[in-house]
Amino acid sequence: MEIFVVPDAAAIGAVAAGIIAAVVRSKPDAVLGVATGGSPLPVYAALAGHRLDLSRVRAFALDEYVGLPAGHPESYGEVVRREVTERLGLDPGHVRVPAGGAEDPERAAVEYDTSIRAAGGIDLQLLGIGHNGHIAFNEPGSALDSRTRVETLAARTREANARYFGSLSEVPERCITQGLGTIMEARHLLLVVHGQDKAAILAEALSGPVSAECPASVLQRHPHVTVVADESAASQLAPEKAGVTVRVAGPAISV
Ligand code: PGA
């Protein structure tokens with residue numbers, strides 16, 4: 001595992017975008033796993049600055065709410081359309097988001113999992129981490145080998161995401177999320193983490209026991225993980241852990 005510690009969110013974006021750009025330059029039809037929430041936004045902003053041709057890239061989102069009306073601005077389908085597809089110039093036909101509005105969301109989840117495999121698997125998966133250790137919407141208690149499925153959002157997740165909605169009651173209670181086992185099949189995982197409020201959970205995920213109680217801890221079992229964190233988020237990490245390389249880098253780092 002490689003950890004880049006950088007000064008701020010803009011530097012997280014610069015370093016992570018550099019990693020993504022390198023993947024796309026070497027494989028113009030790469031399959032990217034894209035994330036929503038606040039953490040990836042500086043990454044997309046920095047990637048837009050690279051002016052790369054992403055028209056052949058294929059992308060899969062990590063998750064989607066169940067129960068939002070079609071076209072709801074906070075559905076991840078819409079967020080991905082705005083922040084990724086349009087901003088970065090992907091072909092909309094190459095971008096998939098779980099079908100949260102499907103009549104049978106369980107079946108849609110299974111089909112989504114299958115479609116990732118059919119695309120040849122994900123070359124690089126961008127990830128954020130929730131305050132409770134979730135990745136995608138795999139809340140504490142999720143099986144480490146879980147597949148894409150319908151899940152119930154944790155109260156803490158709904159509270160965190162209420163900032164995007166008018167009120168807590170408007171945040172959906174269910175979602176379709178890629179499973180931990182699904183995410184672990186991506187060939188490279190890129191975790192971006194920002195802010196003091198994520199310091200304790202990041203340390204637990206990277207240095208604590210691998211446990212369903214902290215779903216992100218499963219990353220310790222993946223052979224190719226890159227973490228890009230700002231100094232606040234990295235402040236509780238134990239860099240001496242075996243197998244972990246920590247690089248302290250400014251925004252000008254080139255990767
Ligand atoms: P955030 O969410 O980037 O908005 O903090 C991360 C997550 O919940 O995965």
Side-chain angles (χ1 to χ4, degrees), residues 1-28 30-54 57-63 76 79-80 82-90 95 122-130 133-136 178 183-184 186-199 201-203 205-206 216 218-220 222-235 237 239 244-255:
M1 180 181 296
E2 193 169 39
I3 304 176
F4 290 92
V5 181
V6 298
D8 52 27
I12 292 174
V15 172
I19 292 169
I20 297 170
V23 168
V24 174
R25 281 196 195 98
S26 70
K27 187 178 178 185
V31 181
L32 298 182
V34 295
T36 48
S39 304
L41 294 179
V43 184
Y44 301 138
L47 196 53
H50 280 259
R51 300 186 178 281
L52 270 180
D53 178 6
L54 294 168
V57 161
R58 293 161 291 159
F60 286 87
L62 282 170
D63 44 19
Y76 288 165
V79 173
V80 167
R82 287 194 303 268
E83 302 293 345
V84 179
T85 312
E86 292 185 353
R87 191 171 194 185
L88 301 178
L90 274 70
V95 181
I122 288 172
D123 291 300
L124 184 133
Q125 175 65 60
L126 185 60
L127 295 169
I129 182 172
H134 74 206
I135 49 175
Q178 283 191 35
I183 292 168
M184 287 289 281
R187 289 180 272 283
H188 183 182
L189 302 179
L190 175 58
L191 174 66
V192 290
V193 196
H194 172 247
Q196 188 65 42
D197 55 320
K198 298 280 178 71
I201 195 65
L202 182 63
L206 302 189
V218 76
L219 268 53
Q220 295 179 39
H222 193 286
H224 193 186
V225 178
T226 305
V227 180
V228 188
D230 69 354
E231 285 154 10
S232 305
S235 59
L237 290 179
V244 175
T245 307
V246 178
R247 295 170 194 264
V248 179
I253 189 169
S254 63
V255 286

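Each residue takes its place number in the sequence, starting with 1. If you're wondering where the values come from, they're calculated on a predicted model, not measured in any experiment.
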Report task. Determine yes or no for a side-chain-to-main-chain donor-acceptor pair under 3.5 angstrom, with Gln178 supplying the side chain and Asp63 the backbone. Result -> no

Requested in this report: Begin from the C-alpha positions of Leu62 and Gln125 and carry the test side-chain contact (heavy atoms from CB on, under 4.5 Å) through to its verdict.
Outcome: CA-CA 9 Å; Leu62 282 170; Gln125 175 65 60; 3.3 Å; yes

Report task. Take His188 and Ile19 through the test side-chain contact (heavy atoms from CB on, under 4.5 Å) and record every step on the way to the result. Result -> CA-CA 10 Å; His188 183 182; Ile19 292 169; 3.9 Å; yes

Tabulate below the donor-acceptor pairs under 3.5 Å that side-chain atoms of residues 39-46 make, not counting sequence neighbours, or state none.
residue: Tyr44; atom: OH; partner: Ala35; partner atom: N; Å: 3.1
residue: Tyr44; atom: OH; partner: Ala35; partner atom: O; Å: 2.7

Query raised in the report: Tell me, do Leu189 and Leu191 make a side-chain contact under 4.5 Å, heavy atoms counted?
Result: no

Requested in this report: Might you point out which heavy atoms bring Val23 and Ala30 nearest each other, and give the distance in Å?
Outcome: CG1-CB, 4.0 Å

Query - From His194 atom NE2 to Glu231 atom CD, the distance as rounded to the nearest 0.5 Å - result: 11.0 Å

Query raised in the report: Any idea which heavy atoms bring Ala205 and Gln220 closest together, and the distance?
Result: O-NE2, 2.7 Å

Query raised in the report: Among Val193, Val192, Val227, whose side chain to side chain contact (heavy atoms under 4.5 Å, CB included) with Ile129 holds?
Result: Val193

Query raised in the report: Can you check whether Ala186's main-chain N or O pairs, donor with acceptor, with His222's side chain at less than 3.5 Å?
Result: yes

Query raised in the report: Below 4.5 Å, heavy atoms only, C-beta onward: do Val34 and Val95 meet side chain to side chain?
Result: no

Query - Shortest non-hydrogen contact from Pro7 toward Asp230 - result: O-CB, 3.9 Å

Query - Nearest heavy atoms of Gly128 and Ile135, plus distance in Å - result: O-CG2, 3.4 Å

Report task. May I ask you to say whether Glu86 pairs ionically with Arg82, meaning some side-chain N is under 4.0 Å from a carboxylate O? Result -> no

Report task. Determine whether Ile183 and Ile122 make a side-chain contact, defined as any pair of heavy atoms from C-beta on separated by less than 4.5 Å. Result -> no

Query raised in the report: Side chain of Asp123, backbone of Leu32: donor and acceptor closer than 3.5 Å?
Result: no

Query raised in the report: Would you call Leu127 and Leu219 a side-chain contact if the rule is heavy atoms closer than 4.5 Å?
Result: yes

Requested in this report: Carefully, step by step, assess Leu202 and Leu237 under the rule side-chain contact (heavy atoms from CB on, under 4.5 Å).
Outcome: CA-CA 7 Å; Leu202 182 63; Leu237 290 179; 4.0 Å; yes

Report summary line: In this structure, CG of Leu88 is separated from CG of Asp53 (nearest 0.5 Å) by 11.5 Å

Query raised in the report: What is the minimum heavy-atom distance between Met184 and Val218, and which atoms define it?
Result: CE-O, 3.3 Å

Report task. Give the intermediate values and the outcome of side-chain contact (heavy atoms from CB on, under 4.5 Å) for residues Leu47 and Val24. Result -> CA-CA 11 Å; Leu47 196 53; Val24 174; over 6 Å; no

Query raised in the report: Can you tell if the side chain of Leu190 reaches within under 4.5 Å of the side chain of Thr226, non-hydrogen atoms only?
Result: yes

